[in-house]
Amino acid sequence: MKGGKALLLYFSGTGHTKALVEVLKRRLENELDFSVLLHSIEDKGPDPDLGQFDLVVFSYPIHAFNMPLNYERYLRKLNLKKGKAYAILKQSGEPHFLNDASSRTLLRRIRKSGKPFYGEWHLLMPYNIHFRYPDALVKRLLSGDRMLLDAFLKRLERGVLVPAKENVLLSPIGWLFRIERLAGPLAAPGFEADEKKCISCLRCVRSCPRGNIRQEEGRIRFGRDCLLCMRCAFHCPTDAIRMGLFDRWKVNGPYPLAKIEGSSPEEDERFLQEHCWFLSLFPKWERYAETARETAFSGTISKE
Ligand SMILES: Cc1cc2nc3c(=O)[nH]c(=O)nc-3n(C[C@H](O)[C@H](O)[C@H](O)COP(=O)(O)O)c2cc1C
Ligand code: SF4
Ligand code: SF4
């Protein structure tokens, strides 16, 4: 497929999905002559008409082995029979296989629509809900992401489709983890802005995707309508937001992805020692990225 119209439909809490779809947009335009509309589900105005596009890419961050609740609700409104072809670009902080449960209902709907499917791509970005990744690990992730995007674009160019097939063994586990969605409404009333640090810039108030933050009598207050997307704490310029039970898992300050990608970061020995079990998950994902790329570029590519 080359030279068509593509819609990249995404939600991004802290900005990682947005960073990825921006790269994908540039590459689709430059390498495959697509004309691309980038649409966040938070954008004002009418929802895009799927029928207008040759390709629709659904893109979201994984939250507790599921897609974020607002993204799931948004997708429910769409009639997938109208689109012409689909792909999924999901991303998360770790490569655990349970993350595949996140696309189960979307895959089912794509299959039922009977439309061509260009695959489901699992990219990785730095964590924002457990601990901050050191630059050396972030660089490895960005390199794997590049390989997966290479593979996706090559498959698109060559018109290689895959069946939209969910893993039925994972689906019940993903369904059970939806309980995590109660964590936001339960915990958010306990979030607070440290008055000594808060500079009343109102960035958190303006950017919360649920309108869950307000300023009252000069103080920042949080309601219950929280997705736990971490946007407020991540982007607060003075790290003033305390997240109650989730405070020890929050990360403040965006990752300078472009700078990290171009640098030669040193391995963080302490991180390697403290998180060796967690790090053992990554080589398998890196092999997945390498193999996907090799297969997409080999002459023997066939339907999976
Ligand atoms: C509430 C919450 C739950 C998360 N659950 C998972 C998870 O189950 N698996 C995972 O690998 N990453 C998980 N993450 C990490 C995010 O997928 C990751 O930080 C992602 O890059 C965020 O993307 P965004 O910046 O577009 O929101 C979770 C993050 C949040 C905030
Ligand atoms: S973003 Fe941080 S500094 Fe700005 S109003 Fe919110 S809590 Fe205060
Ligand atoms: S309160 Fe913070 S974590 Fe909750 S939805 Fe709003 S921005 Fe996201």
Side-chain angles (χ1 to χ4, degrees), residues 10-22 40-42 59-71 89-102 122-133 138 141-142 145 173-174 177-178 180-215 218-246 249-255 257 278 281-282 285:
Y10 73 98
F11 169 71
S12 187
T14 53
H16 293 151
T17 313
K18 183 164 187 278
L20 282 175
V21 288
E22 280 169 352
S40 158
I41 64 165
E42 295 175 71
S59 198
Y60 62 90
I62 296 168
H63 283 182
F65 310 134
N66 280 278
M67 58 177 67
L69 184 59
N70 59 341
Y71 196 71
L89 190 80
K90 61 192 182 189
Q91 62 83 25
S92 71
E94 66 186 29
H96 201 283
F97 71 97
L98 285 178
N99 285 317
D100 281 339
S102 64
H122 184 184
L123 278 63
L124 293 187
M125 290 295 263
Y127 242 165
N128 63 2
I129 195 161
H130 280 211
F131 35 76
R132 197 173 183 92
Y133 287 180
V138 178
L141 305 186
L142 295 174
D145 291 343
I173 302 173
F177 270 93
R178 289 163 82 240
E180 187 264 2
R181 291 167 175 183
L182 293 176
L186 290 174
F191 295 177
E192 56 187 3
D194 182 334
E195 280 185 62
K196 291 200 191 88
K197 289 183 171 178
C198 178
I199 53 169
S200 293
C201 67
L202 301 188
R203 184 173 183 160
C204 54
V205 175
R206 281 194 294 268
S207 68
C208 172
R210 306 299 303 169
N212 188 47
I213 312 175
R214 60 195 187 282
Q215 192 183 40
R219 294 193 62 175
I220 297 296
R221 307 248 183 228
F222 294 81
R224 282 196 184 282
D225 189 7
C226 174
L227 288 171
L228 215 55
C229 72
M230 301 306 221
R231 188 183 291 169
C232 51
F234 197 76
H235 291 290
C236 171
T238 58
D239 194 12
I241 296 178
R242 291 197 293 245
M243 304 203 85
L245 291 173
F246 290 89
W249 291 335
K250 91 172 182 209
V251 162
N252 175 253
Y255 297 80
L257 298 172
F278 174 73
L281 292 168
F282 286 88
W285 176 80

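Below, all heavy atoms of this structure are taken into account, side chains as well, without hydrogens, waters or symmetry copies. Note that the structure is predicted; figures quoted are calculated from it, not measured. Just so you know, ligand 1 is whichever comes first in the structure, and atom 1 is the first atom listed for that ligand.
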Exercise for review: Show the numbers, then the answer: is there a side chain to side chain contact (heavy atoms under 4.5 Å, CB included) between S92 and F65?
Suggested key: CA-CA 9 Å; S92 71; F65 310 134; over 6 Å; no

Point to revise | Separation of K90 NZ from S102 OG (nearest 0.5 Å) | key: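 The NZ atom of K90 is 4.5 Å from OG of S102, to the nearest 0.5 Å.
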
Check your understanding: If you round to the nearest 0.5 Å, how far is NE2 of H63 from CG of L69?
Key ->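 Those atoms lie 11.0 Å apart.
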
Point to revise | salt bridge (charged side-chain N to carboxylate O under 4.0 Å, His left out) against E42, all qualifying residues, sequence neighbours excluded | key: R231

Practice item. Verify side chain to side chain contact (heavy atoms under 4.5 Å, CB included) between S59 and K18, making sure each step is shown before the conclusion. Key: CA-CA 9 Å; S59 198; K18 183 164 187 278; over 6 Å; no

Less than 6.0 angstrom separating the ring centers of [X] and [Y], yes or no?
X	Y	answer
F278	F131	yes
W249	F246	yes
Y60	Y71	yes

Point to revise | Contacts of S12 that satisfy side chain to side chain donor-acceptor pair (under 3.5 Å) - sequence neighbours left out | key: none

Exercise for review: Select all protein residues for which some heavy-atom-to-ligand 2 distance is less than 4.0 Å, and list them by chain and number.
Suggested key: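 Ligand 2 pocket, heavy atoms under 4.0 Å: A193, C198, I199, S200, C201, L202, R203, C204, I220, C236, P237, T238, I241.
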
Review point. Name the residues in contact with ligand 1, where contact means a heavy atom under 4.0 Å away: which are they?
Key: S12, G13, T14, G15, H16, T17, P61, I62, H63, A64, F65, Q91, S92, G93, E94, N99, M125, P126, Y127, N128, I129, E180, L228, M230

Practice item. For residues P209 and C229, determine if any side-chain heavy atom of one lies less than 4.5 Å from a side-chain heavy atom of the other. Key: yes

Check your understanding: Judged by non-hydrogen atoms, does A188 sit under 4.0 Å from ligand 3?
Key -> no

Only heavy atoms of [X], strictly under 4.0 Å: list the atoms of ligand 3 that pass.
X	value
L227	4 (Fe), 5 (S)
P209	7 (S)
N212	1 (S)

Exercise for review: Please work out whether the ring planes of F234 and H16 are parallel, tilted or perpendicular, with thresholds of 30° and 60°.
Suggested key: perpendicular

